[in-house]
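Keep in mind that this is a model prediction, so the values were computed, not measured. In this chain, numbering begins with 1 at the start of the sequence shown.
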Amino acid sequence: VQLQASGGGLVQAGGSLGLSCVASARIFNGYNMGWFRQAPGKEREFVAAISWSGGSRYYADSVKGRFTISRDNAKNTVYLQMNGLKPEDTAVYYCAADRERYYSGSYYYDPRRYAHWGQGTLVTVSS
């Protein structure tokens with residue numbers, strides 16, 4: 001397994017959860033990392049991304065100000081801290097690794113950029 005996500009669960013609206021995704025070094029070092037989510041009956045959508053150095057972070061408008069992406073390059077781990085959760089945040093959350101090392105373009109939100117995907121972790125937010 002190259003990407004292993006964890007941390008999902010059931011939380012009440014307004015609560016917080018933290019997701020983690022451990023990756024193999026081969027696909028982590030030097031690669032941008034992203035979080036996507038897919039709700040039942042909906043397409044997979046971009047949530048957040050972080051550059052390979054950690055110096056740049058990007059968020060979907062729907063989560064901006066509530067979610068924080070970070071990475072620990074020494075641990076080959078990317079995180080997603082989710083605060084102020086809403087029922088509409090309910091989804092399976094996937095971490096992903098970019099297909100191109102040191103990519104600095106602007107298509108970080110496009111799932112086609114990502115070559116490796118974790119198995120997903122379910123986040124359920126009750127109202």
Side-chain angles (χ1 to χ4, degrees):
V1 176
Q2 300 194 86
L3 288 167
Q4 183 72 42
S6 62
L10 174 65
V11 64
Q12 288 189 332
S16 299
L17 274 178
L19 305 183
S20 300
C21 177
V22 181
S24 61
R26 182 180 67 83
I27 64 169
F28 187 85
N29 294 330
Y31 292 88
N32 299 343
M33 299 295 294
W35 284 97
F36 291 78
R37 66 187 182 187
Q38 187 165 18
K42 295 187 176 181
E43 292 188 354
R44 190 169 298 191
E45 64 173 1
F46 169 74
V47 175
I50 187 166
S51 63
W52 58 270
S53 66
S56 297
R57 308 179 189 195
Y58 311 93
Y59 298 94
D61 288 344
S62 59
V63 307
K64 203 171 292 183
R66 299 187 297 123
F67 290 12
T68 301
I69 189 172
S70 61
R71 67 190 292 160
D72 186 335
N73 287 344
K75 295 182 178 179
N76 298 336
T77 302
V78 61
Y79 304 95
L80 185 69
Q81 178 63 38
M82 305 182 293
N83 300 326
L85 283 161
K86 305 175 181 179
E88 51 264 44
D89 294 319
T90 295
V92 176
Y93 283 71
Y94 299 90
C95 58
D98 198 295
R99 65 176 62 251
E100 180 180 335
R101 206 171 191 205
Y102 304 130
Y103 175 73
S104 59
S106 57
Y107 295 97
Y108 48 85
Y109 55 86
D110 190 343
R112 294 171 296 181
R113 279 228 52 82
Y114 296 83
H116 306 282
W117 292 82
Q119 84 287 4
T121 184
L122 177 63
V123 173
T124 304
V125 184
S126 63
S127 58

Report task. Measure the shortest side-chain to side-chain distance between Trp117 and Arg44 over non-hydrogen atoms and say whether it is less than 4.5 angstrom. Result -> yes

Requested in this report: Give a yes or no answer on whether the side chain of Arg66 reaches the backbone of Gly84 with a donor-acceptor pair at less than 3.5 Å.
Outcome: yes

Query raised in the report: Quick one: does Arg101's side chain get under 4.5 Å of Asn29's, heavy atoms only?
Result: yes

**Report entry** Straight-line distance of Cys21 SG to Gln119 CD, nearest 0.5 Å
**Finding:** 7.5 Å

Query raised in the report: Do Met82 and Tyr93 come close enough that some side-chain heavy atom pair is under 4.5 Å?
Result: yes

Query raised in the report: For Gly7 and Thr121, which heavy atoms make the closest approach, and how far apart are they?
Result: N-OG1, 4.1 Å

Requested in this report: Kindly say whether the aromatic ring centers of Phe36 and Tyr114 come within a distance under 6.0 Å.
Outcome: yes

Tabulate below the donor-acceptor pairs under 3.5 Å that side-chain atoms of residues 56-63 make, not counting sequence neighbours, or state none.
{"from": "Arg57", "atom 1": "NH1", "to": "Ile69", "atom 2": "O", "distance (Å)": "2.9"}
{"from": "Tyr59", "atom 1": "OH", "to": "Ile69", "atom 2": "N", "distance (Å)": "3.0"}
{"from": "Asp61", "atom 1": "OD1", "to": "Lys64", "atom 2": "NZ", "distance (Å)": "3.2"}

Query raised in the report: In Å, rounded to the nearest 0.5 Å, how long is the span from CE of Met33 to CZ of Phe28?
Result: 5.5 Å

Report task. Under the side chain to side chain donor-acceptor pair (under 3.5 Å) rule, collect the residues that match up with Arg26, sequence neighbours excluded. Result -> Gln2

Requested in this report: Over all heavy atoms of both residues, which pair between Asn83 and Ser16 is shortest? Give the atoms and the distance, please.
Outcome: OD1-OG, 2.9 Å

Query - OG1-CD distance between Thr77 and Gln4, expressed to the nearest 0.5 angstrom - result: 11.0 Å

Query raised in the report: Under 3.5 Å, is there a donor-acceptor pair between the side chain of Thr90 and the main chain of Val125?
Result: yes

Requested in this report: Drop me the distance from Phe67's CZ to Arg37's CZ, to the nearest 0.5 angstrom.
Outcome: 5.5 Å

Query raised in the report: Given side chains that start at C-beta, do those of Leu3 and Tyr94 come closer than 4.5 Å, heavy atoms only?
Result: no

Report summary line: Scanning both residues in full, the closest heavy-atom pair of Cys95 with Ala5 reads SG-CB, 4.1 Å

Query raised in the report: Any idea which heavy atoms bring Ala23 and Ile27 closest together, and the distance?
Result: CB-CG1, 4.3 Å

Query raised in the report: With distance as the sole test, does Asn32 use its side chain to make a donor-acceptor pair with the main-chain N or O of Tyr103 at under 3.5 Å?
Result: yes

